[in-house]
Amino acid sequence: MNTIIIEQIRPELTWRLRRDVMYPDQNISEMKMPEDNDGYHFAAFNEKYIIGVISLFHKGTDFQFRKFAVANDEQGKGTGTILLSYVLDFAIAMGAKRIWCNSRVTAIGFYQRFGMVQTGKTYSNIGIDYEVMEKIIES
């Protein structure tokens, strides 16, 4: 595996990969979220290309990561693990007491490897099943 570098980026730099991985039938302009300007956005770079993105939002000590995407041809190579580890550490350094996400049901096992637990709160959106997962940070 090549060296992966994580950097904070502008929100619009997440949009192409968000679309390509998560919503391939939509336009890039549809990837903007109203809260994008209030969040932190990170990218995993392999040499000079963005191969993973994640966005982090918070209210007080409650942090949610969203729109976590790794390029299809980079999945399963450790990029997501490196990127999520970085963001969890960042959130904790920023004072997080709870970190959570809306996990696709198919990704629950991945998040459990980071100490996240299922909350039992589930829903479906555009044919995809989700469960809220969280990690409580002990002081």
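No hydrogens, no waters, no symmetry mates; every other heavy atom, side chains included, goes into these values.
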Check each of [options] against [X] using the side chain to side chain contact (heavy atoms under 4.5 Å, CB included) test, and report the only one that passes.
X   : options            : result
M31 : R16, R19, E12, M22 : R19
F68 : L56, I54, V87, T14 : I54
N46 : T3, I4, I5         : I4

Assigning hydrophobic clusters by single linkage (Ile, Leu, Val, Met, Phe, Trp, Tyr; side-chain heavy-atom cutoff under 4.5 Å), is [X] placed with [Y]?
X    : Y    : value
V117 : Y111 : no
L17  : V70  : no
M116 : I136 : no

Minimum heavy-atom distance [X]-[Y], with the two atoms named:
X    : Y    : result
A43  : I9   : CB-CD1, 3.6 Å
V132 : N102 : CG2-OD1, 3.4 Å
I82  : I6   : CG2-CD1, 4.0 Å
V21  : Q75  : CG1-NE2, 3.9 Å
D20  : N72  : O-ND2, 4.2 Å

*Which residue, Q64, K67, H41, forms the side-chain hydrogen bond (donor to acceptor under 3.5 Å, both in side chains) with S55?*
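Result for side-chain hydrogen bond (donor to acceptor under 3.5 Å, both in side chains) with S55: H41.
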
*asked:* Quick check against the 3.5 Å criterion: does K32 have a side-chain atom that pairs as donor or acceptor with the backbone of I28?
replied: no

_L88/I99 under side chain to side chain contact (heavy atoms under 4.5 Å, CB included): CA gap, chis, key distance, verdict_ = CA-CA 8 Å; L88 293 175; I99 304 170; 3.6 Å; yes

Rounded to the nearest 0.5 Å, what separation is found between the [atom1] atom of [X] and the [atom2] atom of [Y]?
X    : Y    : atom1 : atom2 : value
W100 : K121 : CH2   : NZ    : 8.5 Å
H58  : F65  : NE2   : CZ    : 16.0 Å
F45  : I51  : CZ    : CD1   : 10.0 Å
E35  : D38  : CD    : CG    : 8.0 Å

*D36/R66 salt bridge by N-O under 4.0 Å criterion*: no

*Could you give all pairs that pass the ring-ring contact (aromatic ring centres under 6.0 Å, His included) test and reach residues 77-96, with sequence neighbours left out?*
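For residues 77-96, and leaving out neighbouring residues, the ring-ring contact (aromatic ring centres under 6.0 Å, His included) pairs sorted by first residue read Y40-F90, F42-Y86, F42-F90.
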
*Please, which pairs that meet ring-ring contact (aromatic ring centres under 6.0 Å, His included) have at least one residue in residues 115-135, sequence neighbours excluded?*
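Pairs touching residues 115-135 that pass the test: Y123-Y130.
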
_Set of residues satisfying salt bridge (Lys or Arg N to Asp or Glu O under 4.0 Å) with respect to R104, sequence neighbours excluded_ = none

_Residues forming a salt bridge (Lys or Arg N to Asp or Glu O under 4.0 Å) with E131, sequence neighbours excluded_ =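 Result, salt bridge (Lys or Arg N to Asp or Glu O under 4.0 Å) vs E131: none returned.
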
*Determine whether P11 and N37 make a side-chain contact, defined as any pair of heavy atoms from C-beta on separated by less than 4.5 Å.*
yes

_Holding to ring pair (Phe, Tyr, Trp, His ring centres under 6.0 Å), I want the full list of residues that pass it with Y23, two or more places apart in sequence or in another chain._
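Partners of Y23 by the ring pair (Phe, Tyr, Trp, His ring centres under 6.0 Å) criterion come out as none, since no residue qualifies.
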
*asked:* The test is side chain to side chain donor-acceptor pair (under 3.5 Å); show your working for E134 and Q118 and say whether it passes.
replied: CA-CA 7 Å; E134 67 183 7; Q118 295 173 257; over 6 Å; no

*Given F63 and M94, is the side chain to side chain contact (heavy atoms under 4.5 Å, CB included) satisfied, shown in steps?*
CA-CA 9 Å; F63 283 70; M94 295 293 290; 3.7 Å; yes

_Pairing residues for V105 by the side chain to side chain contact (heavy atoms under 4.5 Å, CB included) criterion, not counting sequence neighbours_ =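 Listed in chain order: I108, D129.
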
*Are there more than 12 heavy atoms of other residues, nucleotides or ligands under 6.0 Å from atom CZ of F114?*
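Count over threshold, so yes.
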
